[in-house]
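These figures come from a predicted structure and were not determined experimentally.
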Amino acid sequence: MQPSPENELIFREAAHEKKTVMILRERLFSIIRRLGEEPERYARKPDRDFTRKRTLTPAVLIQLIVTMDEKSIWKGLLGHFRRRIDTPSASAFVQQRQKLLPSALEDLFHRFSDHLRPQKKFRGYRLLAVDGSSLKSGAYPADKDAYRSGTERQHGWNLFHINALFDLENGIYTDVIVQKEHTKHESRALREMAVRSAITDPVIVLADRNYEAYNNLACLEKRGWKYLIRIKDHERKNAYGLKLPDEPEFDLPIRMTLGRLTPQQLRQQGIPVPEHYYRLPNSIPFDFLGTESTAFYEFSARIVRLTLKDGRTQLLITNLDAEQFPLSALRELYAQRWGIETSFRELKYMVGLIHLHSRKSDLVLQEIFAAFTVFNFTQAVAWSADEGCGHSKYKRRVNFAHAVYLCCEALRGKSAEITGLLERTLTPRRPDRFYPRPKITGNRLSAMYVSAR
(Lines give C-alpha, C1' and ligand atoms only; values in the text may rest on other atoms or scores of the structure.)
Protein backbone atom coordinates (compact mmCIF):
# COMPACT_ATOMS: atom_id res chain seq x y z
CA MET A 1 0.00 0.00 0.00
CA GLN A 2 1.46 3.32 -1.13
CA PRO A 3 1.45 6.16 1.45
CA SER A 4 -0.63 9.18 0.58
CA PRO A 5 1.07 12.46 -0.46
CA GLU A 6 0.07 13.98 2.88
CA ASN A 7 1.72 11.12 4.81
CA GLU A 8 4.84 11.39 2.65
CA LEU A 9 5.06 15.10 3.50
CA ILE A 10 4.70 14.33 7.22
CA PHE A 11 7.43 11.66 7.00
CA ARG A 12 9.78 14.03 5.15
CA GLU A 13 9.21 16.82 7.69
CA ALA A 14 9.78 14.43 10.60
CA ALA A 15 12.98 13.17 8.98
CA HIS A 16 14.18 16.74 8.36
CA GLU A 17 13.38 17.70 11.98
CA LYS A 18 15.26 14.72 13.36
CA LYS A 19 18.15 15.42 10.98
CA THR A 20 18.39 19.05 12.13
CA VAL A 21 18.52 18.15 15.82
CA MET A 22 20.93 15.27 15.29
CA ILE A 23 23.24 17.37 13.12
CA LEU A 24 23.49 20.04 15.82
CA ARG A 25 23.96 17.40 18.52
CA GLU A 26 26.67 15.61 16.55
CA ARG A 27 28.37 18.91 15.74
CA LEU A 28 28.50 19.81 19.42
CA PHE A 29 29.76 16.38 20.47
CA SER A 30 32.37 16.30 17.70
CA ILE A 31 33.78 19.58 19.04
CA ILE A 32 33.82 18.07 22.53
CA ARG A 33 35.70 15.02 21.22
CA ARG A 34 38.28 17.24 19.53
CA LEU A 35 38.76 19.22 22.74
CA GLY A 36 39.23 15.93 24.59
CA GLU A 37 42.02 14.99 22.18
CA GLU A 38 44.06 17.97 23.41
CA PRO A 39 44.31 17.28 27.17
CA GLU A 40 47.71 18.96 27.44
CA ARG A 41 46.15 22.23 26.21
CA TYR A 42 43.34 22.30 28.76
CA ALA A 43 44.95 20.53 31.73
CA ARG A 44 45.99 22.56 34.73
CA LYS A 45 49.20 20.51 34.97
CA PRO A 46 49.85 19.21 31.45
CA ASP A 47 52.65 16.86 32.50
CA ARG A 48 50.48 15.11 35.12
CA ASP A 49 46.75 15.67 34.64
CA PHE A 50 44.77 13.31 32.38
CA THR A 51 47.82 11.13 31.71
CA ARG A 52 46.26 8.00 33.26
CA LYS A 53 43.37 6.09 31.75
CA ARG A 54 40.20 6.93 33.69
CA THR A 55 36.44 6.86 33.17
CA LEU A 56 36.19 10.64 33.53
CA THR A 57 38.23 11.70 30.50
CA PRO A 58 38.32 15.38 29.46
CA ALA A 59 35.62 14.76 26.81
CA VAL A 60 33.34 13.01 29.32
CA LEU A 61 33.93 15.80 31.84
CA ILE A 62 32.97 18.50 29.34
CA GLN A 63 29.84 16.61 28.30
CA LEU A 64 28.80 16.16 31.94
CA ILE A 65 29.30 19.86 32.72
CA VAL A 66 27.23 20.87 29.67
CA THR A 67 24.34 18.53 30.56
CA MET A 68 24.25 19.20 34.32
CA ASP A 69 20.93 20.36 35.76
CA GLU A 70 19.92 21.76 39.15
CA LYS A 71 20.02 18.31 40.75
CA SER A 72 22.99 17.13 42.79
CA ILE A 73 26.18 16.03 41.05
CA TRP A 74 25.66 12.43 42.21
CA LYS A 75 22.22 12.20 40.63
CA GLY A 76 23.54 13.67 37.39
CA LEU A 77 26.33 11.08 37.29
CA LEU A 78 23.83 8.28 37.91
CA GLY A 79 21.75 9.44 34.97
CA HIS A 80 24.71 9.75 32.61
CA PHE A 81 26.16 6.33 33.47
CA ARG A 82 22.73 4.64 33.44
CA ARG A 83 22.92 3.83 37.17
CA ARG A 84 25.75 1.34 36.72
CA ILE A 85 27.52 0.01 39.78
CA ASP A 86 30.81 1.49 38.56
CA THR A 87 29.41 5.04 38.33
CA PRO A 88 32.13 7.50 39.45
CA SER A 89 31.49 9.27 42.73
CA ALA A 90 30.73 12.98 43.03
CA SER A 91 34.10 13.43 44.76
CA ALA A 92 35.93 11.85 41.82
CA PHE A 93 34.03 14.11 39.40
CA VAL A 94 34.95 17.27 41.34
CA GLN A 95 38.61 16.23 41.56
CA GLN A 96 38.75 15.68 37.81
CA ARG A 97 36.96 19.01 37.15
CA GLN A 98 39.65 20.85 39.07
CA LYS A 99 42.23 19.56 36.58
CA LEU A 100 40.32 21.08 33.65
CA LEU A 101 40.87 24.73 32.76
CA PRO A 102 37.73 26.84 32.10
CA SER A 103 39.17 27.69 28.67
CA ALA A 104 37.98 24.24 27.50
CA LEU A 105 34.32 25.23 28.00
CA GLU A 106 35.00 28.72 26.63
CA ASP A 107 36.49 27.24 23.45
CA LEU A 108 33.51 24.90 23.17
CA PHE A 109 31.12 27.85 23.27
CA HIS A 110 33.04 29.80 20.64
CA ARG A 111 33.60 26.89 18.27
CA PHE A 112 29.97 25.77 18.38
CA SER A 113 28.63 29.32 18.02
CA ASP A 114 30.93 29.98 15.05
CA HIS A 115 29.43 26.94 13.29
CA LEU A 116 25.90 28.37 13.49
CA ARG A 117 24.54 30.17 10.44
CA PRO A 118 21.93 32.72 11.54
CA GLN A 119 19.83 34.06 8.69
CA LYS A 120 17.60 36.82 10.11
CA LYS A 121 18.64 40.44 9.69
CA PHE A 122 17.20 43.92 10.24
CA ARG A 123 17.29 45.90 7.00
CA GLY A 124 20.39 43.96 5.97
CA TYR A 125 22.18 44.34 9.32
CA ARG A 126 22.98 41.90 12.12
CA LEU A 127 21.62 43.47 15.31
CA LEU A 128 24.00 42.94 18.23
CA ALA A 129 23.03 44.19 21.68
CA VAL A 130 25.79 44.54 24.27
CA ASP A 131 25.19 44.56 28.00
CA GLY A 132 26.39 43.12 31.28
CA SER A 133 24.78 41.10 34.04
CA SER A 134 25.98 40.03 37.47
CA LEU A 135 26.01 36.45 38.73
CA LYS A 136 26.34 35.60 42.40
CA SER A 137 28.03 32.40 43.57
CA GLY A 138 28.88 30.89 46.94
CA ALA A 139 31.58 32.50 49.06
CA TYR A 140 35.17 31.70 48.11
CA PRO A 141 37.33 34.24 49.99
CA ALA A 142 40.55 33.06 48.33
CA ASP A 143 39.51 34.86 45.15
CA LYS A 144 39.97 38.48 46.21
CA ASP A 145 38.89 39.89 42.85
CA ALA A 146 35.41 38.37 43.11
CA TYR A 147 34.76 38.04 46.86
CA ARG A 148 32.46 40.41 48.76
CA SER A 149 32.35 40.00 52.50
CA GLY A 150 28.86 41.43 53.09
CA THR A 151 27.71 43.05 56.32
CA GLU A 152 27.76 41.69 59.87
CA ARG A 153 24.46 39.88 59.33
CA GLN A 154 25.28 38.56 55.88
CA HIS A 155 27.32 35.70 54.55
CA GLY A 156 29.89 36.64 51.95
CA TRP A 157 29.59 35.77 48.29
CA ASN A 158 31.53 35.93 45.05
CA LEU A 159 30.29 38.10 42.20
CA PHE A 160 31.00 37.69 38.50
CA HIS A 161 30.15 40.14 35.73
CA ILE A 162 29.03 38.66 32.41
CA ASN A 163 29.58 40.81 29.30
CA ALA A 164 27.85 39.56 26.17
CA LEU A 165 27.05 40.35 22.55
CA PHE A 166 23.57 39.09 21.72
CA ASP A 167 22.13 38.67 18.23
CA LEU A 168 18.63 40.09 18.68
CA GLU A 169 17.09 38.81 15.45
CA ASN A 170 18.38 35.23 15.78
CA GLY A 171 18.38 34.93 19.58
CA ILE A 172 21.95 33.67 20.09
CA TYR A 173 25.01 34.97 21.91
CA THR A 174 27.91 35.69 19.58
CA ASP A 175 30.52 36.39 22.26
CA VAL A 176 30.93 36.37 26.04
CA ILE A 177 33.57 37.76 28.40
CA VAL A 178 33.35 37.01 32.12
CA GLN A 179 35.01 39.42 34.55
CA LYS A 180 35.26 39.44 38.31
CA GLU A 181 33.47 42.08 40.35
CA HIS A 182 36.49 44.13 41.46
CA THR A 183 38.20 44.07 38.05
CA LYS A 184 35.19 44.46 35.76
CA HIS A 185 35.31 46.96 32.89
CA GLU A 186 32.35 46.86 30.49
CA SER A 187 33.80 49.25 27.92
CA ARG A 188 37.02 47.26 27.65
CA ALA A 189 35.00 44.07 27.22
CA LEU A 190 32.96 45.65 24.39
CA ARG A 191 36.09 46.71 22.52
CA GLU A 192 37.68 43.29 22.93
CA MET A 193 34.56 41.51 21.64
CA ALA A 194 34.27 43.88 18.68
CA VAL A 195 37.92 43.49 17.65
CA ARG A 196 37.96 39.69 17.82
CA SER A 197 34.54 39.14 16.22
CA ALA A 198 34.57 37.02 13.05
CA ILE A 199 31.25 38.45 11.77
CA THR A 200 31.59 39.71 8.21
CA ASP A 201 28.00 40.96 7.74
CA PRO A 202 27.07 44.61 8.35
CA VAL A 203 26.42 45.12 12.08
CA ILE A 204 24.49 47.57 14.24
CA VAL A 205 25.45 47.58 17.92
CA LEU A 206 22.77 48.62 20.43
CA ALA A 207 23.93 49.67 23.89
CA ASP A 208 22.76 51.44 27.02
CA ARG A 209 24.16 54.56 28.70
CA ASN A 210 27.23 53.04 30.38
CA TYR A 211 28.86 52.41 26.98
CA GLU A 212 29.00 56.08 25.98
CA ALA A 213 32.73 56.78 25.47
CA TYR A 214 34.85 58.20 22.66
CA ASN A 215 37.04 55.10 22.79
CA ASN A 216 34.07 52.77 22.27
CA LEU A 217 32.60 54.82 19.42
CA ALA A 218 35.94 55.05 17.61
CA CYS A 219 36.60 51.32 18.08
CA LEU A 220 33.23 50.41 16.54
CA GLU A 221 33.85 52.78 13.63
CA LYS A 222 37.30 51.29 12.98
CA ARG A 223 35.70 47.85 13.02
CA GLY A 224 33.23 49.04 10.38
CA TRP A 225 30.21 48.61 12.66
CA LYS A 226 27.29 50.97 13.06
CA TYR A 227 26.04 51.82 16.54
CA LEU A 228 23.04 53.23 18.36
CA ILE A 229 23.87 54.02 21.97
CA ARG A 230 21.77 55.68 24.62
CA ILE A 231 23.54 58.56 26.36
CA LYS A 232 22.87 60.47 29.57
CA ASP A 233 19.95 62.86 29.24
CA HIS A 234 19.13 64.00 32.78
CA GLU A 235 19.08 67.82 32.69
CA ARG A 236 21.71 67.74 29.95
CA LYS A 237 22.15 71.05 28.11
CA ASN A 238 25.24 70.31 25.99
CA ALA A 239 26.69 67.24 24.30
CA TYR A 240 29.69 66.81 22.01
CA GLY A 241 30.15 70.54 21.53
CA LEU A 242 26.49 71.23 20.74
CA LYS A 243 23.86 73.05 22.73
CA LEU A 244 20.87 70.72 22.90
CA PRO A 245 17.52 72.32 22.05
CA ASP A 246 14.71 72.10 24.59
CA GLU A 247 12.49 70.03 22.31
CA PRO A 248 10.92 66.57 22.74
CA GLU A 249 12.52 65.35 19.49
CA PHE A 250 15.43 66.48 17.35
CA ASP A 251 18.13 65.10 15.04
CA LEU A 252 21.44 66.97 15.06
CA PRO A 253 24.61 66.10 13.10
CA ILE A 254 27.87 66.51 14.98
CA ARG A 255 31.38 66.78 13.63
CA MET A 256 34.44 67.05 15.83
CA THR A 257 38.21 66.88 15.50
CA LEU A 258 39.73 65.13 18.50
CA GLY A 259 43.29 65.71 19.67
CA ARG A 260 45.51 65.41 22.73
CA LEU A 261 47.20 68.80 22.73
CA THR A 262 45.72 72.12 23.80
CA PRO A 263 45.15 74.81 21.14
CA GLN A 264 48.09 76.77 22.59
CA GLN A 265 50.40 73.75 22.29
CA LEU A 266 49.31 73.27 18.69
CA ARG A 267 50.06 76.89 17.81
CA GLN A 268 53.47 76.69 19.49
CA GLN A 269 54.33 73.78 17.19
CA GLY A 270 53.02 75.63 14.13
CA ILE A 271 49.99 73.37 13.71
CA PRO A 272 46.71 75.10 12.77
CA VAL A 273 43.84 74.49 15.19
CA PRO A 274 41.11 72.61 13.29
CA GLU A 275 37.51 73.79 13.26
CA HIS A 276 35.31 72.15 15.94
CA TYR A 277 38.44 71.05 17.78
CA TYR A 278 38.08 69.21 21.09
CA ARG A 279 41.03 68.34 23.26
CA LEU A 280 40.82 64.93 24.92
CA PRO A 281 42.41 65.11 28.39
CA ASN A 282 44.95 62.41 29.14
CA SER A 283 42.62 61.12 31.85
CA ILE A 284 40.20 59.99 29.10
CA PRO A 285 41.46 56.74 27.52
CA PHE A 286 41.60 56.82 23.73
CA ASP A 287 43.51 54.07 21.96
CA PHE A 288 43.83 55.94 18.67
CA LEU A 289 45.82 58.95 19.93
CA GLY A 290 48.87 58.89 22.17
CA THR A 291 49.06 61.25 25.14
CA GLU A 292 51.62 63.49 23.37
CA SER A 293 50.44 62.86 19.81
CA THR A 294 50.08 65.77 17.38
CA ALA A 295 47.68 63.76 15.19
CA PHE A 296 43.94 64.29 14.97
CA TYR A 297 40.94 61.98 14.89
CA GLU A 298 37.91 63.04 12.84
CA PHE A 299 34.66 62.10 14.58
CA SER A 300 31.14 62.50 13.18
CA ALA A 301 27.76 61.16 14.29
CA ARG A 302 24.16 62.15 15.02
CA ILE A 303 22.57 63.05 18.34
CA VAL A 304 18.85 62.37 18.40
CA ARG A 305 16.14 62.66 21.02
CA LEU A 306 13.08 60.40 20.78
CA THR A 307 9.76 60.51 22.56
CA LEU A 308 8.52 57.15 23.85
CA LYS A 309 4.93 55.94 24.13
CA ASP A 310 4.77 56.84 27.82
CA GLY A 311 5.94 60.41 27.18
CA ARG A 312 9.52 59.94 28.38
CA THR A 313 12.42 60.86 26.11
CA GLN A 314 15.66 59.12 25.21
CA LEU A 315 18.86 60.73 24.00
CA LEU A 316 20.88 58.61 21.57
CA ILE A 317 24.06 58.85 19.56
CA THR A 318 24.46 56.98 16.27
CA ASN A 319 26.48 56.84 13.08
CA LEU A 320 23.59 55.42 11.05
CA ASP A 321 22.58 57.20 7.85
CA ALA A 322 19.83 59.78 8.44
CA GLU A 323 17.93 58.94 5.25
CA GLN A 324 17.91 55.18 5.79
CA PHE A 325 17.25 55.48 9.53
CA PRO A 326 15.05 58.49 10.38
CA LEU A 327 13.70 59.02 13.90
CA SER A 328 10.84 56.55 13.45
CA ALA A 329 13.26 53.79 12.41
CA LEU A 330 15.61 54.58 15.32
CA ARG A 331 12.70 54.35 17.76
CA GLU A 332 11.79 50.90 16.43
CA LEU A 333 15.42 49.83 16.38
CA TYR A 334 16.37 50.84 19.91
CA ALA A 335 13.23 49.24 21.35
CA GLN A 336 14.70 45.88 20.36
CA ARG A 337 17.66 46.32 22.73
CA TRP A 338 15.49 44.99 25.56
CA GLY A 339 15.89 41.55 24.02
CA ILE A 340 19.27 41.10 25.67
CA GLU A 341 17.72 41.79 29.08
CA THR A 342 15.12 39.04 28.59
CA SER A 343 17.85 36.71 27.27
CA PHE A 344 19.79 37.10 30.53
CA ARG A 345 16.61 36.18 32.42
CA GLU A 346 16.14 33.07 30.28
CA LEU A 347 19.80 32.14 30.66
CA LYS A 348 19.71 32.38 34.44
CA TYR A 349 16.29 30.98 35.25
CA MET A 350 15.34 28.69 32.35
CA VAL A 351 18.75 27.32 31.43
CA GLY A 352 19.46 27.34 35.16
CA LEU A 353 22.72 29.30 35.38
CA ILE A 354 21.85 30.46 38.89
CA HIS A 355 21.92 26.82 40.08
CA LEU A 356 25.71 26.64 40.38
CA HIS A 357 27.38 23.50 41.71
CA SER A 358 30.67 25.20 42.57
CA ARG A 359 32.33 27.91 44.59
CA LYS A 360 35.84 27.95 43.17
CA SER A 361 36.10 30.54 40.43
CA ASP A 362 37.46 28.29 37.68
CA LEU A 363 34.66 25.79 38.23
CA VAL A 364 32.06 28.57 38.18
CA LEU A 365 33.50 29.77 34.85
CA GLN A 366 33.12 26.24 33.47
CA GLU A 367 29.41 26.27 34.28
CA ILE A 368 28.90 29.78 32.90
CA PHE A 369 30.25 28.90 29.45
CA ALA A 370 28.40 25.57 29.52
CA ALA A 371 25.11 27.43 30.11
CA PHE A 372 25.80 29.77 27.17
CA THR A 373 26.49 26.75 24.96
CA VAL A 374 23.17 25.14 25.97
CA PHE A 375 21.38 28.45 25.30
CA ASN A 376 22.76 28.71 21.76
CA PHE A 377 22.12 25.03 21.07
CA THR A 378 18.49 25.46 22.11
CA GLN A 379 17.98 28.55 19.96
CA ALA A 380 19.53 26.83 16.93
CA VAL A 381 17.16 23.90 17.36
CA ALA A 382 14.22 26.31 17.69
CA TRP A 383 15.06 27.83 14.29
CA SER A 384 13.73 24.63 12.67
CA ALA A 385 10.26 25.08 14.20
CA ASP A 386 7.57 26.53 11.94
CA GLU A 387 6.17 29.42 14.00
CA GLY A 388 3.47 30.05 11.42
CA CYS A 389 1.86 26.61 11.65
CA GLY A 390 -1.68 26.29 12.98
CA HIS A 391 -4.24 29.07 13.25
CA SER A 392 -3.80 32.12 15.47
CA LYS A 393 -4.51 35.82 15.21
CA TYR A 394 -1.09 36.46 16.80
CA LYS A 395 2.39 35.83 15.51
CA ARG A 396 3.85 33.10 17.67
CA ARG A 397 7.21 31.99 19.00
CA VAL A 398 8.75 28.89 20.50
CA ASN A 399 8.25 28.35 24.23
CA PHE A 400 11.87 28.65 25.32
CA ALA A 401 11.41 26.79 28.61
CA HIS A 402 10.02 23.76 26.77
CA ALA A 403 12.81 23.99 24.21
CA VAL A 404 15.52 24.01 26.89
CA TYR A 405 14.10 20.89 28.53
CA LEU A 406 13.75 18.96 25.25
CA CYS A 407 17.21 19.96 24.02
CA CYS A 408 18.90 18.99 27.29
CA GLU A 409 17.12 15.63 27.13
CA ALA A 410 18.45 15.20 23.59
CA LEU A 411 21.98 16.02 24.77
CA ARG A 412 21.59 13.39 27.49
CA GLY A 413 20.80 10.80 24.82
CA LYS A 414 17.01 10.68 25.02
CA SER A 415 15.34 10.92 21.62
CA ALA A 416 12.15 12.89 21.00
CA GLU A 417 10.39 14.66 18.14
CA ILE A 418 11.63 17.99 19.38
CA THR A 419 10.44 20.27 16.59
CA GLY A 420 6.95 18.74 16.54
CA LEU A 421 6.63 19.13 20.29
CA LEU A 422 7.79 22.75 20.10
CA GLU A 423 5.22 23.54 17.42
CA ARG A 424 2.46 22.20 19.67
CA THR A 425 3.32 24.69 22.44
CA LEU A 426 3.98 27.92 20.54
CA THR A 427 3.23 31.05 22.57
CA PRO A 428 1.79 34.29 21.12
CA ARG A 429 3.91 37.37 20.56
CA ARG A 430 2.32 40.50 22.01
CA PRO A 431 4.76 43.36 21.23
CA ASP A 432 2.27 46.05 22.29
CA ARG A 433 2.05 44.79 25.86
CA PHE A 434 3.82 46.98 28.37
CA TYR A 435 4.51 46.41 32.06
CA PRO A 436 6.45 48.74 34.37
CA ARG A 437 9.86 47.36 35.25
CA PRO A 438 9.82 46.05 38.85
CA LYS A 439 12.54 47.21 41.22
CA ILE A 440 13.88 44.09 42.91
CA THR A 441 16.96 43.83 45.08
CA GLY A 442 18.70 40.52 45.51
CA ASN A 443 17.61 37.13 44.19
CA ARG A 444 14.01 36.52 45.17
CA LEU A 445 12.92 33.13 43.90
CA SER A 446 9.82 31.23 44.81
CA ALA A 447 10.42 28.10 46.84
CA MET A 448 8.50 26.24 44.10
CA TYR A 449 10.83 27.46 41.33
CA VAL A 450 12.63 24.84 39.21
CA SER A 451 14.66 25.60 36.08
CA ALA A 452 13.59 24.15 32.73
CA ARG A 453 16.95 22.44 32.27
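One finds no salt bridge joining D246 and K237 here, because no Lys/Arg side-chain nitrogen approaches an Asp/Glu carboxylate oxygen to under 4.0 Å. Ion pairing of E37 with R34 is absent here, as no side-chain N (NZ or NE/NH1/NH2) approaches a carboxylate O to less than 4.0 Å. Salt-bridge annotation for K71 and D69: present, with a side-chain N of the basic residue lying under 4.0 Å from a carboxylate O of the acidic one.
Side chain to side chain, H402 and T425 meet the donor-acceptor criterion of an N or O pair below 3.5 Å. Side chains of S384 and T419: a donor on one and an acceptor on the other come within 3.5 Å. A donor-acceptor pair shorter than 3.5 Å can be found between the side chains of S187 and N216.
Residues R41 and D107 meet the side-chain proximity criterion, which asks for heavy atoms closer than 4.5 Å. Side-chain contact check for I231 versus R209: every heavy-atom pair is 4.5 Å or farther apart. Under the 4.5 Å side-chain criterion, counting only non-hydrogen atoms from C-beta, S133 is in contact with K348. Counting heavy atoms from C-beta outward, L333 and L320 have side chains that approach closer than 4.5 Å. Residues F122 and L168 form no side-chain contact, since every pair of their non-hydrogen atoms from C-beta on lies 4.5 Å or further apart. Residues S293 and F288 fail the side-chain proximity criterion, which asks for heavy atoms closer than 4.5 Å.
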Inset, instruction - Let me see the working for M193 and V130 under side chain to side chain contact (heavy atoms under 4.5 Å, CB included), right down to the final yes or no. - result: CA-CA 10 Å; M193 290 188 290; V130 61; 4.1 Å; yes
Inset, instruction - Tell me, with the steps shown, if D175 and S197 meet side chain to side chain contact (heavy atoms under 4.5 Å, CB included). - result: CA-CA 8 Å; D175 204 352; S197 174; 5.8 Å; no
Legend entry - From CA spacing to verdict: ring-ring contact (aromatic ring centres under 6.0 Å, His included), Y297, F286: CA-CA 10 Å; Y297 185 92; F286 193 73; 5.3 Å; yes
Inset, instruction - Check the pair F296, L289 against side chain to side chain contact (heavy atoms under 4.5 Å, CB included), reporting the backbone distance first and the verdict last. - result: CA-CA 8 Å; F296 302 113; L289 292 175; 5.9 Å; no
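Within a 6.0 Å radius of CD in Q269, other residues, nucleotides and ligands contribute more than 12 heavy atoms. By the neighbour-count criterion of 12 heavy atoms within 6.0 Å, atom CZ of R123 is densely surrounded, having more than that number from other residues, nucleotides or ligands. The local environment of CD in E275 is sparse, with at most 12 non-hydrogen atoms from other residues, nucleotides or ligands closer than 6.0 Å. Within a 6.0 Å sphere centred on NZ of K99, other residues, nucleotides and ligands contribute more than 12 heavy atoms. Open room surrounds OH on Y405; 12 or fewer heavy atoms of other groups in view lie less than 6.0 Å from it.
R412 contributes a side-chain N or O that, together with a main-chain N or O of T67, makes up a donor-acceptor pair within less than 3.5 Å.
For T174, there are no side-chain hydrogen bond (donor to acceptor under 3.5 Å, both in side chains) partners at least two apart in sequence or on another chain. With sequence neighbours left out, the side-chain hydrogen bond (donor to acceptor under 3.5 Å, both in side chains) criterion links E247 to no other residue. Listed by chain and number, the residues in a ring-ring contact (aromatic ring centres under 6.0 Å, His included) with F375 are Y173, F400 (sequence neighbours excluded). Residues that satisfy the side-chain hydrogen bond (donor to acceptor under 3.5 Å, both in side chains) test with S103, not counting sequence neighbours, are absent from this structure. Annotation: side-chain hydrogen bond (donor to acceptor under 3.5 Å, both in side chains) contacts of N170 (sequence neighbours excluded): D167. Listed by chain and residue number, D201 satisfy the salt bridge (Lys or Arg N to Asp or Glu O under 4.0 Å) test with K121 (two or more places apart in sequence, or in another chain). For R33, the salt bridge (Lys or Arg N to Asp or Glu O under 4.0 Å) criterion is met by E26, not counting sequence neighbours. Remark: Y278 pairs with Y214 by the ring-ring contact (aromatic ring centres under 6.0 Å, His included) rule, at least two apart or across chains.
By the 6.0 Å and 45° rule, R27 does not stack over the aromatic ring of F377.
Between F369 and F109, the angle of the ring planes lies from 30° to 60°, which puts this pair in the tilted group.
Sorted by first and then second residue, the salt bridge (Lys or Arg N to Asp or Glu O under 4.0 Å) pairs involving residues 320-334 (not counting sequence neighbours) are E249-R331. The salt bridge (Lys or Arg N to Asp or Glu O under 4.0 Å) analysis of residues 366-382, with sequence neighbours excluded, yields the pairs R97-E367. Counting only residues at least two apart or in different chains, side chain to side chain donor-acceptor pair (under 3.5 Å) contacts with residues 177-186 comprise D143-K180, H161-E186, N163-Q179, E186-N210. Within the structure, every pair that satisfies the salt bridge (Lys or Arg N to Asp or Glu O under 4.0 Å) test and touches residues 110-120, not counting sequence neighbours, is listed here: E38-R111.
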